[in-house]
Amino acid sequence: SAPIVAPAKPPKPVITLDEVNQAQDEATLLKLASEGATTQVRQAAAEKIQSREMLEALSKLAKQKDKNVFKIVKTKLGVFKTADQELAEVEATAKRVSEKMEKHSHLEADAMFKAKLTLLQQEWQTLEQSASVATQSAYAKALAACEAKIQAKAQAIADEEERHEL
């Protein structure tokens with residue numbers, strides 16, 4: 001009798017680096033990075049992922065399964081964390097300058113008032129673009145108060161001079 005032959009299974013599709021290179025959306029890359037057949041495929045897919053959300057998702061998937069992919073993801077997420085820290089530092093500095101401006105707006109508009117105001121404005125210039133909307137708003141309000149004080153002082157001096165002329 002003829003030998004019994006098990007039906008041949010269709011071969012599993014082999015995912016190659018070409019497929020990683022052609023993958024455009026990060027959802028596909030995430031799938032390749034977590035489920036790719038070879039470590040090269042998983043690592044190449046992980047390298048191509050740019051968005052923080054996808055990297056965080058891959059981090060959870062790869063943590064216990066693939067040390068090399070996890071290292072790649074950790075390094076890439078480190079860049080985001082560093083940027084977050086730098087932004088937080090700039091915001092903290094911007095807040096301090098804004099608070100100094102607020103305190104300054106309560107001082108007497110004496111001879112040093114304008115010079116100190118100019119220094120605060122120079123300090124603010126480098127921070128303005130990165131400061132939060134709330135901090136920018138607080139700074140603008142304090143600056144307006146300082147400028148109003150200078151204007152009031154100038155008007156008072158002008159009025160005083162006018163009285164002396166009469």
Side-chain angles (χ1 to χ4, degrees), residues 20-34 42-166:
V20 173
N21 292 331
Q22 290 163 7
Q24 295 302 315
D25 66 302
E26 293 206 332
T28 303
L29 290 169
L30 177 64
K31 190 170 170 56
L32 292 172
S34 59
R42 293 190 302 272
Q43 289 177 44
E47 288 287 359
K48 275 190 80 175
I49 296 175
Q50 300 299 319
S51 79
R52 187 177 199 155
E53 299 76 34
M54 288 293 179
L55 287 167
E56 286 171 347
L58 182 55
S59 172
K60 290 181 184 106
L61 293 169
K63 190 169 189 170
Q64 302 302 323
K65 282 179 29 183
D66 193 326
K67 278 190 282 197
N68 293 324
V69 168
F70 185 67
K71 276 186 202 166
I72 291 168
V73 171
K74 217 171 139 184
T75 302
K76 292 183 106 176
L77 284 172
V79 173
F80 284 109
K81 288 185 176 93
T82 301
D84 287 350
Q85 288 169 336
E86 289 169 1
L87 205 58
E89 286 169 18
V90 169
E91 176 62 17
T93 305
K95 268 190 171 142
R96 280 196 297 278
V97 173
S98 176
E99 287 164 3
K100 283 191 220 170
M101 183 65 84
E102 168 62 27
K103 285 180 185 150
H104 190 64
S105 73
H106 296 294
L107 299 177
E108 184 62 40
D110 59 12
M112 294 303 294
F113 188 85
K114 190 143 174 60
K116 176 77 174 156
L117 177 64
T118 302
L119 286 174
L120 288 169
Q121 287 174 302
Q122 288 169 350
E123 206 176 335
W124 177 256
Q125 274 181 333
T126 59
L127 305 165
E128 186 173 14
Q129 297 302 317
S130 304
S132 70
V133 173
T135 303
Q136 287 180 17
S137 174
Y139 173 86
K141 186 177 171 192
L143 176 61
C146 290
E147 288 171 341
K149 235 181 200 171
I150 290 170
Q151 200 61 39
K153 181 76 171 179
Q155 189 60 51
I157 291 169
D159 293 349
E160 186 65 32
E161 286 174 358
E162 203 172 293
R163 265 197 301 270
H164 284 298
E165 287 173 13
L166 299 174

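Pairs of residues two or more places apart, or lying in two chains, that qualify as side-chain hydrogen bond (donor to acceptor under 3.5 Å, both in side chains) and include a residue from residues 78-97 are R52-D84, E91-S132, E91-T135, T93-R96. Note on residues 112-126: pairs passing side-chain hydrogen bond (donor to acceptor under 3.5 Å, both in side chains), not counting sequence neighbours, are K100-E123. Within the structure, salt bridge (Lys or Arg N to Asp or Glu O under 4.0 Å) pairs that include any residue of residues 151-163 comprise E160-R163 (at least two apart or interchain).
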Pairs under 3.5 angstrom only: tabulate donor-acceptor contacts from the side chains of residues 69-79 to other protein residues two or more places apart or in another chain.
residue, atom, partner, partner atom, Å
T75, OG1, K71, O, 2.9
K76, NZ, E47, O, 2.4
K76, NZ, I49, O, 2.6

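Legend: residues meeting ring pair (Phe, Tyr, Trp, His ring centres under 6.0 Å) with F113, ordered by chain and number and at least two apart, are H104. Among residues two or more places apart in sequence or in another chain, the side chain to side chain contact (heavy atoms under 4.5 Å, CB included) test is passed with T28 by A23, D25, L32. Every residue was checked against the side chain to side chain contact (heavy atoms under 4.5 Å, CB included) condition with Q151, not counting sequence neighbours, and none meets it. Considering only residues two or more places apart in sequence or on other chains, A44 meets the side chain to side chain contact (heavy atoms under 4.5 Å, CB included) condition with L17, V20. Annotation: side chain to side chain donor-acceptor pair (under 3.5 Å) contacts of Q43 (sequence neighbours excluded): T39. Residues forming a side chain to side chain donor-acceptor pair (under 3.5 Å) with K149 (at least two apart in sequence, or on another chain): none. Remark: E102 pairs with H106 by the side chain to side chain donor-acceptor pair (under 3.5 Å) rule, at least two apart or across chains.
Considering only heavy atoms from C-beta on, L143 comes within 4.5 Å of L117 through its side chain.
To the nearest 0.5 Å, atom NZ of residue K60 and atom CG of residue L58 are 11.0 Å apart. We find the CG-NZ distance between L120 and K103 to be 11.0 Å, quoted to the nearest 0.5 Å.
Of all heavy-atom pairs spanning S105 and A145, the tightest one is CB-CB, 3.8 Å. Taking each heavy atom of K48 and Q22 in turn, the nearest pair found is NZ-N, 4.5 Å. The two atoms that bring S98 and A142 nearest to each other are O-CB, 4.5 Å, heavy atoms only.
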Would you please test L55 and F80 for side chain to side chain contact (heavy atoms under 4.5 Å, CB included) and show each step?
CA-CA 10 Å; L55 287 167; F80 284 109; 3.7 Å; yes
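For the pair E128 (side chain) and Q136 (backbone), a donor-acceptor distance under 3.5 Å is absent.
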